[in-house]
Amino acid sequence: LISNKLLPAIIEKKISLPIAPHILTRSKQFITLLSSAKVSKASAYQKLWPSVMEDDKDIQEIAHEYNLIIEDDQSFLDEIIVQVLKENVDKVKAYHKGKKGLLGFFMGQIMKKAQGKADPKTLNQKIITALEKVS
């Protein structure tokens, strides 16, 4: 995070050293939020990281505003999984014929529909279980 995101942003924005305390505070909040697994890393880097350098708000607050917090109850995924599998019957058949790489396709489609609220580990297991039930 420091070498790939923070330092390039400091150089790009020509921020003088020492780094302003609010940037360090929000960087720490960002790391803490990522570590908590309450947001997906992709969503965090895409939507939250720019706020670390530009916004004065608390990172957790921004994550809530963007609706990025992963819900504890993942049962809402069941309906989305069924929908995606029904929309992609040909890919389900291909998966059953051995194209296991399609699991990533299903993950992507469901993550889009879940709008970043899905826990990737839980989702992965739910998709595998659903695919085992569908033939």
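What's counted below: heavy atoms across the whole structure, side chains too, no hydrogens, waters or symmetry copies.
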Any sub-3.5 Å donor-acceptor pair from [X]'s side-chain atoms to [Y]'s backbone N or O?
X	Y	result
His96	Leu131	yes
Asn124	Pro120	no
Gln29	Ile59	yes
Gln74	Asp119	yes

Minimal non-hydrogen separation, [X] against [Y], with atom names:
X	Y	value
Val39	Ala44	CG2-CB, 3.8 Å
Leu68	Ser43	CD2-CB, 3.9 Å
Ile127	Ile81	N-CD1, 4.1 Å

Exercise for review: Look at atom CD of Gln83 and say whether more than 12 heavy atoms of other residues, nucleotides or ligands are closer to it than 6.0 Å.
Suggested key: yes
Check your understanding: Any chance NZ of Lys112 has more than 12 other-residue heavy atoms, nucleotides or ligands included, within less than 6.0 Å?
Key -> no
Check your understanding: Between Glu79 and Lys113, is there a salt bridge with N-O shorter than 4.0 Å?
Key -> no
Review point. Glu65 versus Lys57: any side-chain heavy-atom pair under 4.5 Å?
Key: yes
Review point. Is Gln60 close to Ile69 at the side-chain level, that is, under 4.5 Å between some pair of heavy atoms?
Key: yes
Practice item. Kindly confirm or rule out a cation-pi arrangement of Lys91 over Phe105, judged by NZ or CZ under 6.0 Å from the six-membered ring centre and within 45° of its axis? Key: yes
When rounded to the nearest 0.5 angstrom, what distance separates [atom1] in [X] from [atom2] in [Y]?
X	Y	atom1	atom2	value
Ile31	Arg26	CD1	CZ	13.5 Å
Lys126	Ser75	NZ	OG	6.5 Å
Leu48	Lys41	CG	NZ	14.0 Å
Leu102	Lys93	CG	NZ	14.0 Å
Gln115	Ile80	CD	CD1	8.0 Å
Ile62	Phe30	CD1	CZ	11.0 Å

Practice item. Check whether Val82 and Tyr95 end up in the same hydrophobic cluster, where Ile, Leu, Val, Met, Phe, Trp and Tyr are linked by side-chain heavy atoms less than 4.5 Å apart. Key: no
